[in-house]
Every structure is written in C-alpha cells, then in structure tokens.
Amino acid sequence: MVSTLGVAVVGFGWMGRVHTQAYARLPHHYPHLALRPQLVTVAEEVPGRAEQAAGQFGFASATRDWREVAADPRVRAVSVTAPNFLHREIGVAMAEAGKHIWIEKPVGLTAGDARAVADAVAGAGLQGAVGFNYRNAPAVETARELIAAGELGTVTHARFRLFSDYAAHPEGALTWRYERERGGSGVLGDLASHGADLACFLLGDIASLTADTAIFVPERARPSGATAGHSRATGGELGPVENEDYVNCLLRFASGARGVLEACRVSVGEQNNYGFEVHGTKGAVFWDFRRMNELAVGRGTAYQDQPVSTVYVGPGQGEFAAFQPGAANAMGYDDLKVIEAYRFLRSITEGTPYGATLRDAVRSAVVLDAMARSAASGAWVAVDAPG
C-alpha cells in the first residue's frame with residue numbers, strides 16, 4: 001500500500017530546484033516505493049521566489065521564513081538546500097521538530113556543524129541523508145565493488161580530481177560563497193567535500209594529510225540584488241575573496257595506500273572535470289564524470305603492458321535499471337539526485353539508512369578541517385576520528 005509523505009524544500013536556488021524535480025520523478029523510476037512525496041511547502045527568503053516555485057512545481061504553499069516549515073505539521077521530511085552558514089541552524093531545528101532531513105553538503109561551515117546536525121537527527125530517531133551525489137553513479141558503485149573484491153589487488157595509490165570553471169570569470173559576483181562568515185571554506189566545502197567522500201567511499205578512512213590552498217581571483221564585484229547560481233556582477237564595489245579557489249592535498253589512508261586530492265573552482269577550460277584513478281598491485285580503475293556511465297578497467301596478471309578496457313555499466317549495477325533498459329544508455333546528473341531521493345525515502349520507510357548519511361558528512365567535514373589546518377601550518381596533520 002502506498003502512502004504519502006509531506007515534504008518541504010528550504011532554499012530555492014538551483015539545488016532546491018534539483019531536489020524538487022527529484023521528488024517529482026520518484027514515482028516514475030521507483031513505482032514500488034511505499035512512500036510518495038507530496039510537495040507541501042517551499043521556503044525562500046528572496047521575495048517572490050518561493051511563490052514562483054510553488055506555482056511552477058505544485059507546492060501547496062510558500063513562505064519566506066523557514067521556521068514556518070519547522071512548525072508545519074503537514075511536513076515530515078525537509079530538503080535543506082540553503083547556503084552553508086544556515087545548515088546547522090536549520091538542520092538542528094528541523095530535527096528538533098521531528099522532520100527527516102535531506103541536506104546538501106558540506107552540512108555547515110565546520111565538522112562541528114555537521115556533527116551537531118547528525119547528532120540532532122540521530123537523537124530524535126530520524127533519518128538523515130546528505131547530497132554526495134557522485135557516489136550514486138552506478139559506475140562508481142561498480143568501482144567500489146571491484147576494489148572491495150580484490151580485483152585490483154592491494155590498492156597502492158589513487159588520485160581524485162575536481163576541476164571546474166564556474167568561478168573562473170573575473171566578473172563572477174561576490175556572493176556568500178566567497179565569504180568566510182557565510183560560506184566558510186571555498187572550494188574545500190564546494191568540491192573537495194565530494195572528493196573526500198569519494199576517497200573514503202572507495203578506499204576507507206584517511207589517516208593523515210598535507211594540503212596547500214590558494215586564492216587566484218582575489219577580488220570580485222558585490223552584486224546589486226539577489227543572485228542564483230554563479231551569476232556575474234559588473235560595476236559594483238569590489239570586495240575581497242576570503243576563501244580558497246584551489247586545494248592540493250596528499251593523503252595517507254589507514255590502509256597504507258597513498259593518494260592525491262586536487263580541486264579548483266577557477267580552472268579555465270575545465271567544465272566539471274571530476275573523477276578518480278585507483279591503482280592496485282594487480283590492476284587499476286578510472287572514472288570520469290563527463291563519461292559517467294563508463295569505467296576504464298585494467299586487471300589480470302600481465303602487470304607490465306596490461307591492457308585497459310572500457311566497461312559500460314548497465315542493469316544490475318547500482319540503480320541503473322531504474323533509468324535505462326540496457327548498458328551504454330546514458331544517465332545524467334539529475335538522475336543521481338533521483339537515486340539520492342529514493343534512498344532517503346527508503347530509509348524513512350524501513351528505518352534503516354541507505355545511501356550517504358549525515359555520518360558520511362561528518363567524515364568528509366573532518367577531512368576538510370584537517371586540510372584547512374594543514375594549509376595554515378604547512379605541516380602533515382592527523383585526521384581526527386569522525387566521532
């Protein structure tokens with residue numbers, strides 16, 4: 001028997017839209033799911049934006065105050081897609097109000113923020129999911145299975161890259177993303193958080209690291225009005241960019257493997273160049289987000305001159321079958337968020353976590369905090385236990 005679950009979205013920029021569309025698509029891809037999301041309300045402080053979202057997507061109501069969502073008895077689950085500095089306050093408040101939470105990374109400004117939200121959700125006996133969408137790609141899950149099964153032998157070293165040009169234009173507006181008080185870290189929280197999650201998802205805990213960061217676009221123009229996404233501003237008063245554009249990090253995993261994690265938001269010529277390379281004593285696996293449904297795999301006993309083959313994921317691997325009937329049919333970014341929404345609602349239905357949880361957010365945030373400490377000190381630092 002199918003029942004409805006009242007959901008709300010807090011913060012309606014691009015990511016709020018993605019969450020909303022994922023909820024709407026769930027019955028199409030997962031008709032067997034016992035819970036059907038019902039769009040109850042949307043909260044957004046920018047005047048008129050919530051009302052526009054309600055009209056376009058069918059929310060029953062709209063508000064500029066997220067506190068009304070916490071008090072709304074119709075709402076049982078909330079997507080938190082507001083700016084980073086609001087994650088802790090909204091996340092804890094929603095948990096205290098008895099709402100399950102699907103929240104975007106990095107879940108606050110620090111590991112302490114992420115831990116506070118995770119503890120509030122766990123303490124209330126609720127389910128919490130976090131937006132580490134790249135781990136949901138069937139090819140990534142297949143890579144994890146190959147590694148765990150020993151198909152690559154013992155993992156020796158890996159590289160994780162996240163290069164983008166969304167902040168490369170010098171006229172990019174000085175939004176909250178570039179401010180310490182509201183954005184916290186820069187590319188650490190935005191892109192390296194995904195890299196840290198993928199590294200831990202594939203290879204286990206990181207024991208220690210050393211990192212270097214840099215700001216390459218030191219000033220930007222302040223926007224004259226509300227912004228969405230990565231908008232531009234010209235002619236406004238210039239202000240300083242307070243957080244990093246770039247990070248490079250050497251990793252030592254608890255397993256003994258070594259790694260490199262590099263991320264940049266101002267890489268001219270790079271559009272979402274995200275991926276990884278994992279090498280072991282018997283083979284290697286490579287993934288590129290821009291070819292999301294492919295894996296390059298080399299395995300066997302040749303060692304030297306060992307061939308690498310392209311493997312197309314298909315039904316039976318991850319959640320591929322919910323979207324396409326045969327291998328090499330393409331899935332896209334938004335599909336990964338539908339998978340995330342499905343696992344969130346399945347967690348609520350069964351009372352068991354599926355997919356990336358708030359504890360995964362804490363683990364990633366602990367790695368990011370260690371990167372920041374290392375960049376400030378110039379030294380190797382130990383990565384704290386997530387707790």
Checking D165 side chain against V268 main chain: does a donor-acceptor pair fall under 3.5 Å? no
Apply salt bridge (charged side-chain N to carboxylate O under 4.0 Å, His left out) to the pair E51 and R64, showing each step before the final yes or no. CA-CA 9 Å; E51 289 77 10; R64 291 182 62 184; over 6 Å; no
Within this structure, what is the CZ-CG distance for the pair R346 and L26, rounded to the nearest 0.5 Å? 13.0 Å
Do D197 and D360 have side-chain heavy atoms sitting under 4.5 Å apart? yes
Quick one: does D72's side chain get under 4.5 Å of V69's, heavy atoms only? no
Mind listing the closest non-hydrogen atom pair of L188 and V247 along with its distance? CD2-CG2, 3.8 Å
If the condition is salt bridge (Lys or Arg N to Asp or Glu O under 4.0 Å), which residues does D334 pass it with, not counting sequence neighbours? none
Would you mind reporting whether L146 and R299 have side-chain heavy atoms less than 4.5 Å apart? yes
Given M331, R343, H29, the one that forms side chain to side chain contact (heavy atoms under 4.5 Å, CB included) with E319: R343
For residues Y23 and P37, report the shortest heavy-atom separation together with the two atoms involved. O-CG, 3.4 Å
Tell me whether E104 contacts the main-chain N or O of T81 through its side chain, where contact means a donor paired with an acceptor under 3.5 Å. no
Between E277 (side chain) and R159 (backbone), is there a donor-acceptor pair under 3.5 Å? no
Applying side-chain hydrogen bond (donor to acceptor under 3.5 Å, both in side chains), run through N133 and E340 and close with a yes or a no. CA-CA 7 Å; N133 42 270; E340 211 163 87; 5.7 Å; no
Find out whether F320 and T142 are in side-chain contact, i.e. whether some heavy atom of one side chain is under 4.5 Å from a heavy atom of the other. no
Is there a side-chain contact between T20 and V7 (heavy atoms, below 4.5 Å)? no
Are the side chain of S364 and the backbone N or O of S193 linked by a donor-acceptor pair below 3.5 Å? yes
Taking ring-ring contact (aromatic ring centres under 6.0 Å, His included) as the test, write out the residues that go with W66, two or more places apart. none
Residues forming a ring-ring contact (aromatic ring centres under 6.0 Å, His included) with F201, sequence neighbours excluded: none
May I ask you to decide if T156's main-chain N or O and H279's side chain share a donor-acceptor pair within less than 3.5 Å? no
Under 3.5 Å, is there a donor-acceptor pair between the side chain of R373 and the main chain of A382? yes
D190 vs Y166, side-chain hydrogen bond (donor to acceptor under 3.5 Å, both in side chains): CA-CA, chis, key distance, verdict: CA-CA 11 Å; D190 196 24; Y166 67 78; 2.2 Å; yes
Determine whether a donor-acceptor pair (N or O, by modelled atom type, separation under 3.5 Å) exists between the side chain of N243 and the backbone of G184. yes
A221 and L238: which non-hydrogen atoms are nearest, and at how many Å? N-CD2, 3.8 Å
Heavy-atom closest pair (V107 atom, A361 atom, distance to 0.1 Å) is CG2-CB, 3.7 Å
Can you list everything that forms a side chain to side chain donor-acceptor pair (under 3.5 Å) with R359? Sequence neighbours excluded, please. D119
Sequence neighbours left out, what passes ring-ring contact (aromatic ring centres under 6.0 Å, His included) with F132? Give chain and number order. H194
Atom pair CG/CZ of L191 and F163 - distance to nearest 0.5 Å: 10.5 Å
Could you tell me the separation between the OG atom of S309 and the CG atom of L295, rounded to the nearest 0.5 Å? 11.5 Å
Going through the distances and angles, do T41 and S61 end up as a side-chain hydrogen bond (donor to acceptor under 3.5 Å, both in side chains)? CA-CA 5 Å; T41 190; S61 59; 3.1 Å; yes
Side-chain touch H87/P106, heavy atoms, less than 4.5 angstrom: yes
Heavy-atom closest pair, residues A296 and V308: CB-CG1, 3.8 Å
Side chain of Q306, backbone of A302: donor and acceptor closer than 3.5 Å? yes
Any idea how F289 and Y274 line up, ring-wise: parallel (<30°), tilted (30 to 60°), or perpendicular (>60°)? parallel
Backbone N or O of A379 within a donor-acceptor pair of the S374 side chain at under 3.5 Å? yes
Approximate separation, where rounding is to 0.5 Å, of I339 CD1 and R25 CZ: 9.5 Å
State, with a plain yes or no, whether a side-chain heavy atom of M371 is found less than 4.5 Å away from one of L209. yes
Is the backbone N or O of R265 less than 3.5 Å from a side-chain atom of S164, with the two atoms forming a donor-acceptor pair by type? no
Side chains of V338 and Y30 in contact at under 4.5 Å (non-hydrogen atoms): yes
Do H19 and F12 have ring centres separated by under 6.0 Å? no
Could you tell me whether R144 and E141 have a side-chain N and a carboxylate O separated by less than 4.0 Å? no
When rounded to the nearest 0.5 Å, the distance separating OH of Y342 from CG of L33 is 6.5 Å
How close do L126 and G98 get, heavy atom to heavy atom, and via which atoms? CD2-O, 3.6 Å
Pair E242 + R182: basic N to acidic O under 4.0 Å: no
Output for pair (Q317 CD, N293 CG), nearest 0.5 Å, gives 10.5 Å
Tell me whether E45 at atom CD has more than 12 heavy atoms from other residues, nucleotides or ligands lying less than 6.0 Å away. no
Flag the pair R220 and E179 as a salt bridge only when some basic side-chain nitrogen lies within less than 4.0 angstrom of an acidic carboxylate oxygen. no
Test side-chain hydrogen bond (donor to acceptor under 3.5 Å, both in side chains) applied to R290 and N273, step by step: CA-CA 7 Å; R290 298 164 300 179; N273 181 0; 3.1 Å; yes
For D384, the side chain to side chain donor-acceptor pair (under 3.5 Å) test, sequence neighbours excluded, returns none
